[in-house]
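Notes to accompany the following structure.
Every chain is numbered from 1, with letters handed out A, B, ... down the list of sequences.
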Amino acid sequence: MSRSKVSDLLKNGQPGEQVEVRGWVRTRRDSKHGFSFIELNDGSCMANLQCVVDADVEGYEATIKDVTTGASVALTGELKESPGKGQRVEMQAGSLKLLGTADAQSYPLQKKRHSFEFLREIAHLRPRTNTFGAIARVRNAISASIHRFFQDRGFLYINTPIITTSDCEGAGEMFQVTTLDLVKLAQIQTEIDFSQDFFGKAASLTVSGQLEAEIFATSVGDCYTFGPTFRAENSNTARHLAEFWMVEPEMPFYELEDNMTLAQEFIQTVIRDVLEQCPEDMDFFNLRIDKTCMDTMRNIIDNDFIRLPYTEAVKILEDSSTEFEYPVECGRDLQSEHERFLTEQHFKQPVILHDYPRTIKPFYMRCNDDEKTVRAMDVLVPRVGEIIGGSQREERLDVLLARMEECDLDPKEYWWYADLRRYGSVPHSGFGLGLERLVQLVTGMQNIRDVIPFPRTPKNAEF
RNA sequence: UCCCCGAUAGCUCAAUCGGUAGAGCGAGCGGCUGUUAACCGCUAGGUUCUAGGUUCGAGUCCUAGUCGGGGAGCCA
């Protein structure tokens with residue numbers, strides 16, 4: 001007999017079927033009338049399979065005391081209509097085999113609610129809980145949907161490098177990558193000679209695949225990257241990770257408006273897919289994690305995102321009667337509280353802010369004719385804030401070089417990036433979406449450390 | 001990195017003015033039960049985050065540190 005998955009049995013299993021299941025015990029309830037209920041979970045879905053094990057079942061006597069929360073077991077038996085409430089079918093076990101024990105005294109996961117802070121300390125066991133199992137399934141559905149969205153539109157999936165020697169892409173502090181013997185170098189005080197290092201120059205982990213993606217956008221056409229990204233910022237918030245996953249589409253012949261349209265369709269399509277594919281997990285999040293979760297999803301799916309120029313956003317904020325801790329000032333970046341006001345209170349739906357002051361944006365964004373703003377866009381969503389940052393790229397060589405100078409960057413370091421404007425330059429656009437922030441948005445989870453299996457943050461890389 | 005708050009049983013928390021360390025849940029044992037957040041009784045379980053200091057006496061006050069939470073900055 002081959003192993004069935006619990007999700008399949010609960011959905012399609014018919015009374016009378018002989019089946020085998022394997023998984024981990026969530027809880028056991030004994031009846032002194034000589035049988036036990038075992039709630040078995042194998043991670044395939046939120047729900048457990050209730051298995052009724054009579055005392056005369058093979059393996060019962062010898063093992064039932066060790067069939068505790070967390071233990072792994074294999075069960076064979078017959079599916080039956082369940083007389084009890086809470087499940088359509090259950091298993092009447094014919095055999096019980098204990099695969100691995102879990103000492104009840106020391107097993108950290110109890111039959112009770114645990115705080116997310118505590119579960120973070122046992123990240124190797126937290127996927128066995130309802131919440132983290134659901135997050136894993138939803139995150140998977142999101143990732144698959146992301147690929148499907150782009151593949152359906154003929155985008156090429158491009159693998160951009162993890163290790164880079166472009167030392168300043170204007171996107172934050174970088175993790176250095178080296179094979180130099182740091183212990184030895186610390187003992188003899190000397191200048192570091194990076195020509196002796198593995199790549200012959202200083203190298204780091206990537207903070208973005210955008211510049212490389214532009215190479216492919218201007219050759220093979222629409223493309224996207226989807227991979228890990230590293231920022232060595234000492235940021236300690238519920239929205240930042242040192243290692244996170246980013247999706248970066250890059251499209252030739254797209255202007256900013258096209259970019260905004262793609263961003264909206266992208267988010268809406270992925271959310272629609274998740275609602276369709278993970279209904280039970282989403283019910284759980286809506287019930288236990290964030291009661292407004294489903295309403296927020298519906299709202300995002302059903303409405304066009306608001307498109308709002310930066311200058312008009314400033315006006316709205318200035319005209320509002322709300323007292324902000326930090327005053328709104330044209331020419332400066334908006335504070336989190338301002339962004340939250342716009343998306344959570346004023347519009348109550350996603351907002352795409354665009355055409356920001358050039359002084360607060362990176363060199364590669366396309367300059368507007370007003371010489372004050374650039375074709376940048378940020379997609380803001382309720383509760384999570386900025387989920388997408390993107391722009392139309394500067395395709396005019398002279399303007400790009402001038403902007404590099406303005407930003408104190410050495411054009412020599414970006415010779416190949418400038419070449420793209422030197423030979424067959426075209427208007428193009430792209431954006432970056434933080435995967436974990438999207439998972440946060442969909443699940444309602446408050447802390448980004450809980451929507452990635454193994455969070456990396458300052459002072460934290462245990463698992 | 002900055003501001004505020006916190007760290008006490010396996011987990012979540014309480015402990016008045018500085019005076020003998022407490023509950024619920026979980027666990028063990030027993031009872032009851034087609035149960036499903038099961039229920040009832042009993043039992044065990046503590047270097048009160050770390051290092052100093054004040055005091056006759058510190059979980060409680062002071063200093064420094066570590067880690068966590070909320071907010072801010074950086075951003076996705």
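Side-chain contact annotation: A:D54 with A:Q92, donor-acceptor N/O pair under 3.5 Å present. Of the N and O atoms on the side chains of A:R449 and A:T237, not one donor lies less than 3.5 Å from an acceptor on the other residue. Side-chain contact of A:D30 with A:S36: a donor-acceptor pair under 3.5 Å is present, judged by distance alone.
Taking atom C1' on both B:U12 and B:G69, the two are 15 Å apart, rounded to the nearest angstrom. When the C1' atom is used for both B:A27 and B:C11, the distance is 11 Å, rounded to whole Å. Between the C1' atoms of B:A64 and B:C25, the separation comes to 36 Å (whole Å). Of the P atoms belonging to B:A44 and B:G34, the separation is 32 Å, rounded to the nearest Å. When the C1' atom is used for both B:U63 and B:A23, the distance is 33 Å, rounded to whole Å. Across the P atoms, B:A9 and B:C17 are found 23 Å apart, a figure rounded to whole Å. Atom name C1', nucleotides B:U16 and B:A58: the rounded distance is 16 Å, in whole Å. Separation of the C1' atoms belonging to B:G26 and B:C39 is 16 Å when rounded to the nearest angstrom.
Residue A:N460 has its side chain nearest to B:G68 when only B:U1, B:G68, B:C11 are considered. Which of B:U35, B:C25, B:G68 sits closest to the side chain of A:S82 comes down to B:U35. Ranking B:U1, B:G69, B:C75 by closeness to the A:R239 side chain, first place goes to B:C75. Between B:A38, B:A72, B:U1, one nucleotide has an atom nearer to the side chain of A:T237 than all others, and that is B:A72. When the nucleotides B:A72, B:U1, B:U35 are ranked by their closest atom to the side chain of A:Q50, B:U35 comes out on top. Listed nucleotides: B:G28, B:U36, B:C25. Nearest to the side chain of A:E39: B:U36. Distances from the side chain of A:N447 to the nucleotides B:A76, B:G34, B:G70 place B:G70 closest. Distance from the side chain of A:A104 is smallest to B:A27 among B:G24, B:A27, B:U36. The nucleotide whose nearest atom lies closest to any side-chain atom of A:S115 is, among B:C75, B:C11, B:U12, B:U12.
Along RNA chain B, the nucleotide nearest A:T457 and the nucleotide nearest A:I360 are compared for position; the residue whose nucleotide lies closer to the 5' end is A:T457. Both A:V52 and A:A242 lie close to RNA chain B; mapped to their nearest nucleotides by heavy-atom distance, the more 5′-ward contact belongs to A:V52.
A:D333 places its CG atom 7 Å from the P atom of B:C75, with the value rounded to the nearest Å. Atom pair A:F116:CZ and B:G70:C1' shows a separation of 16 Å (rounding to whole Å applied). One atom, CD of A:Q92, and another, C1' of B:U35, lie 13 Å apart when rounded to the nearest Å. In this structure, A:K361 atom NZ and B:A76 atom C1' are separated by 11 Å, rounded to whole Å. A:L109 places its CG atom 12 Å from the P atom of B:U12, with the value rounded to the nearest Å. The distance between atom CD of A:E117 and atom P of B:G68, rounded to the nearest whole Å, is 10 Å. One interatomic measurement links the two molecules: CZ of A:R231 to P of B:U1, which rounds to 20 Å at whole-angstrom precision. Between A:L380 atom CG and B:C75 atom P the separation is 14 Å, expressed in whole Å.
Note on A:Y107: nothing from the nucleic acid sits closer than 4.0 angstrom, heavy atoms only. Nucleic acid contact class of A:E90 (heavy atoms, under 4.0 Å, all strands): base. A:L438 comes within 4.0 angstrom of no nucleic acid atom, judged by non-hydrogen atoms across all strands. A:R449 comes within contact range of the sugar-phosphate backbone alone, with a heavy-atom separation under 4.0 Å but no base atom that close. Residue A:K85 is in base contact, counting any heavy-atom pair closer than 4.0 Å across all strands shown. Contact annotation for A:G84: base contact, defined as any heavy-atom pair under 4.0 Å involving a base atom. Within 4.0 Å (heavy atoms only), A:P108 reaches no atom of the nucleic acid at all.
A distance below 6.0 Å separates the ring centres of A:F324 and A:F341. Between A:Y157 and A:Y224, the ring centre distance stays below 6.0 Å. Residues A:Y364 and A:Y417 place their aromatic rings such that the two centres sit no closer than 6.0 Å.
When the options A:N130, A:T129, A:T69 are evaluated for a side chain to side chain donor-acceptor pair (under 3.5 Å) with A:R26, the one that passes is A:N130.
When base pairs are accepted only as Watson-Crick or G-U wobble with both N-N or N-O distances under 3.5 Å, RNA chain B takes part in stems of 3 or more pairs at B:1-7 with B:66-72, B:10-13 with B:22-25, B:27-31 with B:39-43, B:49-53 with B:61-65.
Because its NZ or CZ atom is both nearer than 6.0 Å to the ring centre of A:F149 and within 45° of the ring axis, A:R153 counts as a cation-pi partner of that residue.
Between the side chain of A:R437 and the base of B:C75, a donor-acceptor pair under 3.5 Å is found.
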Might you work through the ring pair (Phe, Tyr, Trp, His ring centres under 6.0 Å) test for A:Y310 and A:Y356, ending with a clear yes or no?
CA-CA 5 Å; A:Y310 167 90; A:Y356 281 75; 5.5 Å; yes
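Atom CZ of A:R148 sits in a crowded spot, with more than 12 heavy atoms from other residues, nucleotides or ligands closer than 6.0 Å.
For A:F244 and B:A76, the ring-to-base geometry satisfies the stacking test (centroid distance below 5.5 Å, interplanar angle below 30°).
Phosphate contact (OP1/OP2 of B:A72, side-chain N/O of A:R340, threshold under 4.0 Å): present. Taking side-chain N and O atoms only, A:S31 has no distance below 4.0 Å to OP1 or OP2 of B:U33. For the OP1/OP2 pair of B:G73 and a distance below 4.0 Å, the side-chain nitrogens and oxygens of A:Q335 include at least one atom meeting the criterion. Phosphate proximity of B:G73 to A:S336: present, with a side-chain N or O under 4.0 Å from OP1 or OP2.
Contact check on A:K361 versus A:D378 returns a salt bridge, with a Lys/Arg side-chain nitrogen under 4.0 Å from an Asp/Glu carboxylate oxygen.
B:C17 shows a glycosidic angle within 90° of 0 and is accordingly assigned syn.
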